[in-house]
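Bear in mind that the values here come from a model prediction, so they are computed numbers and not experimental data.
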Amino acid sequence: MELTYAPENFESDWYAKWEAGGVFRPEINPGGEPFCMVIPPPNVTGQLHMGHALNHVMIDAIIRRKRMQGFAALWVPGTDHAGIATQNVVEKSLAKEGITRQELGRERFLEQIWGWKETYGDRITLQMRTLGDSCDWTRERFTMDEGMSRAVREVFVSLWEEDLMYRGFRMGNWCPSCGTAISDIEVEHEDEIGELAHLRYPLEDGSGHLVVATTRAETMLGDTAVAVHPEDERYTHLIGKFITLPLIGRRIPIVADSFVDPEFGTGAVKVTPAHDPNDYEIGLRHDLPVIQVLDLEAKVNDNGGEFAGMDRFEARTAVKEALDALGLLEGVEEHSHSVGHCSRSGTVVEPMLSDQWYVKVRPLTDPAIDVVRDGTAGFNPKRWENSYFHWMENLRDWCVSRQLWWGHRIPAWFCDECGDGTEAKVFVSREDLSHCPDCGGAVRQDEDVLDTWFSSALFPFSVFNWPDETTDLERFYPNNAMLTGFDIIYFWVARMLQMGIHFMEEVPFPTIVIHGLVRDEHGRKMSKSLNNGIDPMLVIEDHGADPLRLALLQSAAPGHDVVFDMSRVEAARRFGNKLWNAARLVLQHVEPGSVPAEGGYPEDPAPADAWIMERFGEVQRSFDDLCEKYRFSDAYAALYSFVWSELFDWYLELSKPALYDEATNEATVQTLGAVFRDALKLFHPAMPFLTEELWSELVGDGFIATASWPELPEVHGPASMGTMQDLIGGVRSFRSQHGISPRVPISILFTDQGNEVEEWWTPLLEALANVTMAPVAQELGAGHTRIVAGGVHGFIALEGLIDVGAERARIEKAIAGFEVDSKKANAKLSNEKFVASAPEEIVAKVNGQMEAAQSQIEALRSQLQELG
RNA sequence: GGGCUCUUAGCUCAGGGGGAGAGCGCUUCCCUGACACGGAAGAGGUCGGAGGUUCAAAUCCUCUAGGGCCCACCA
């Protein structure tokens, strides 16, 4: 073995061997109960970022542990076609060559994107392999592959048939730069300081004017009314009168609508039904004309008169200037309000009327709310359920059509012949239509595609080739858990629940584990725009995948954001080195390849062996418990601390004296091998590569990845272990404070009130503290100092070698410490209510603390006197 | 406007009714036959502030200050 841990030497080899060995397929555990999770599918042309790494490491830790526990564990990998994102990327790349998609045409543009997908589609899956994701690649899916397209079409058509899908001409969110409608959750609201312009609208009869307030002056070009509150006394006399719209000259009515808030602005609202959702509603109520003044690129159209051709922001200024010139701009005040931006492009979203496809959500959300309320599916942490309910209860119909080319084409065909003259007849079909089913004439397919999230909503069952009734579908639906970031609860989780319940009649997963975002060391969200992202691939290059994995797992407190700290990765790497070197020590005493894959604990362990077995058993139970609760950071913190501080710092040192005596070391060799092997097993879900490498040295049989999850035998260690550790600590501390080298042997005479000192202590005390011990009948005074551990009092002859002043200080400090303990305990015990109300074991515990502290103080005080 | 969340050691963060924890950093000693990517011994927090509940509060409740996030048709 190399002298130090060098992950780059073996990580990629192991991945290839696992994959070739079918380790990641559920079939590796043929009799096992299924345990399945699906990946939150990353963008097919994307790159693995730290957020993916966090998500994958947690999923992989679950899956690998379940696999070792004998489950037919399956992690289904896949990628998402990511409609807008991918189309935008390819368009941008074409733009560099001066080509637009329109010039290319739909068919050739799609060829370009498929080519792009071929080129970059492997990148992220290779990166996932580098990270160690134990996905079953034989079941890999892409949201636009044939099977999933079939599922999408089946769902679309079924929803249509059930009257849960409809086409409607409505006011929706439009992104002028992406050139498509977007759903409500794709709009990001940001608070901005804008201007509230007060405009004078002259009354038709010349009797004066009405002042309206607006943040979007350019929309006045499309005004078809002014609305006031019906009970607003300032304006009641004007209701029914008309205004001459400035700049345009249109005659528009003053209407009464209780939507208007008399408190806001002037209490009079200009109404632009074509470009504002509220105004649209008012327009419907009052039968107002709808006049579009902005085109799909958000430029003023021919209805905008002299402003035609201007961008909406340009027009905003121009309109205000023009009104000002007419003396109709009464004033402008600062106004803070929230402005919607497209989550993809950042462009300000324009409310726009258009024909779109909608999913009627209420029939889908109600059951999805119920299953969370009744606990059939639950979020972890539970508090996410509140936002889930709030969102689901207020959800509006989902606009699923997108005016893009990259995506699932909407399976609807129009026949103009069979239409009613204004609208074509619509046919929604599972099979492609080449002619009209009614008249046999020509049909044209809807040009639009579906929202990317439409296909990912089906992921938990579409990956198994639903609607076919496959064996996999039967075995792995419902999935056993979903683990993802809070940022896609609405986009993805909520919709999987709706679709899963509706089409499979069962929740897609009973448990939803939500983690946070990865932030940089200053707590800022890692993002492209801030350029503060840390590329996990570079971290792996520098430190290895295992250290990154362990660092992320240790940082991932449930439900909290993760502050990525490189020093944690470095620490995890040092831990890897520690494991590596511990293995080298173990292999000096244990025949390489001789450790059994499981069991192998001695029947008759030596005291130190029994102690570590007992401690390990306790730690393992707590570790398993924490893992089942998805508290990985706590689980691995506990394991890490046990392995380093107890197994390595204590047990390896304690085992050495026994190991060097080859005639009698059998039990210790067995313990050492078995304990170390099981420590590797527990670390395998976090550090798969390193543990596999060490397994191959230690066990050399099969993969640790498919080895059994450890079961520690029930063993009780010696009760006096703690006292011995305290004694060793006391001696070391004594040495340190007096500058006595560990090489200088120390003789200790001792009294033993609790009869704790045992024969087996002798070699261990020599090895770990370089002390020899001999019993003495009574306490020793002058010329000695005292080290107290439990009921054992050790006396060290001073022989003038140590500084009495320093020793006095040492003892005084020790006394002060015990006095704090004693006081605290005493305060509680002298409180009658405490003694009466606190649980018995707590009272007993405090009592014990009190007694222990007082006996220590007593002993040390007399020592102080003896020092003179 | 509604909701959630955070404030704990110099730094970055866990924990969450019964003696304050981790990583990094810091001090002293040690290259002892696995490991200096190491070992041993230490220093360092009245757990944002004020009330309250309780035998017991960093932990639960209320208020308060300051961060962060989400939702909302704020012309």
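Side-chain proximity of A:Asp191 to the nucleotides B:C70, B:C24, B:A72 is greatest for B:A72. Closest to the side chain of A:Phe486, from the set B:A22, B:A41, B:C69, is B:C69. The side chain of A:Arg732 lies closest to B:A40, out of B:A75, B:C37, B:A40. With distances taken from any side-chain atom of A:Val563 to the nucleotides B:A40, B:C13, B:C73, the minimum falls on B:C13.
A distance of 6.0 Å or more separates the ring centres of A:Phe689 and A:Phe10. Taking the ring centroids of A:His275 and A:Tyr280, they lie at or beyond the 6.0 Å cut-off.
For the pair A:Asp634 and A:Lys824, both in contact range of RNA chain B, the more 5′-proximal nearest nucleotide belongs to A:Asp634. Comparing A:Phe648 and A:Lys833, the nucleotide of RNA chain B nearest to each residue sits closer to the 5' end for A:Phe648.
Sorted by residue number, the members of residues 575-586 of chain A with any non-hydrogen atom under 4.0 Å from RNA chain B read A:Asn577, A:Lys578, A:Asn581, A:Ala582, A:Arg584, A:Leu585.
In this structure, A:Glu330 pairs ionically with A:Arg200, as a charged nitrogen and a carboxylate oxygen lie closer than 4.0 Å. For A:Lys656 and A:Glu653, the salt-bridge test passes: some basic side-chain N is under 4.0 Å from an acidic carboxylate O. Using a 4.0 Å cut-off between charged side-chain N and carboxylate O, A:Glu350 and A:Arg216 make a salt bridge. Using a 4.0 Å cut-off between a side-chain N of Lys or Arg and a carboxylate O of Asp or Glu, A:Glu195 and A:Lys320 qualify as a salt bridge.
Panel note: side chain A:Ser741, backbone A:Arg743; a donor-acceptor pair is recorded below 3.5 Å. Here the side chain of A:Ser645 pairs a donor or acceptor atom with the backbone of A:Ser641 at under 3.5 angstrom.
Rounded to an integer number of Å, the gap from CG of A:Asp261 to P of B:C74 is 11 Å. Distance CG (A:Asp649) to C1' (B:U32): 15 Å, rounded to an integer number of Å. Regarding A:Leu829, its CG atom lies at a distance of 12 Å from the C1' atom of B:A56, rounded to whole Å. The distance from atom CD of A:Gln737 to atom C1' of B:G42 is 8 Å, rounded to the nearest whole Å. Atom CD1 of A:Ile787 is separated from atom P of B:A41 by 13 Å (rounded to the nearest Å).
Between the side chain of A:Asn386 and the base of B:G3 there is no donor-acceptor pair of N/O atoms closer than 3.5 Å. Put simply, the side chain of A:Glu653 and the base of B:A34 share a donor and an acceptor less than 3.5 Å apart.
With both ends at atom C1', the span from B:C11 to B:G17 equals 30 Å, rounded to whole Å.
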Read 5' to 3' with Watson-Crick or G-U pairs under 3.5 Å, [ ] for crossing pairs and | for partners on another strand, RNA chain B gives (((((((..((((....[..)))).(((((.......))))).....(((((..]....))))))))))))....
All N/O pairs under 3.5 Å across the protein-nucleotides 57-59 of chain B interface:
none

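Using a 3.5 Å distance cut-off with no hydrogens or angles, the side chains of A:Thr4 and A:Asn577 do not pair a donor with an acceptor. Counting only N and O atoms by type, the side chains of A:Asp257 and A:His286 include a donor and acceptor under 3.5 Å apart.
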For A:His515 and A:Phe486: C-alpha separation, side-chain torsions, deciding distance, then whether ring-ring contact (aromatic ring centres under 6.0 Å, His included) applies. CA-CA 6 Å; A:His515 62 250; A:Phe486 67 77; 8.5 Å; no
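The ring-ring contact (aromatic ring centres under 6.0 Å, His included) with A:Tyr636 is formed by just one residue from the set A:Phe642, A:Phe575, A:Phe683; it is A:Phe683.
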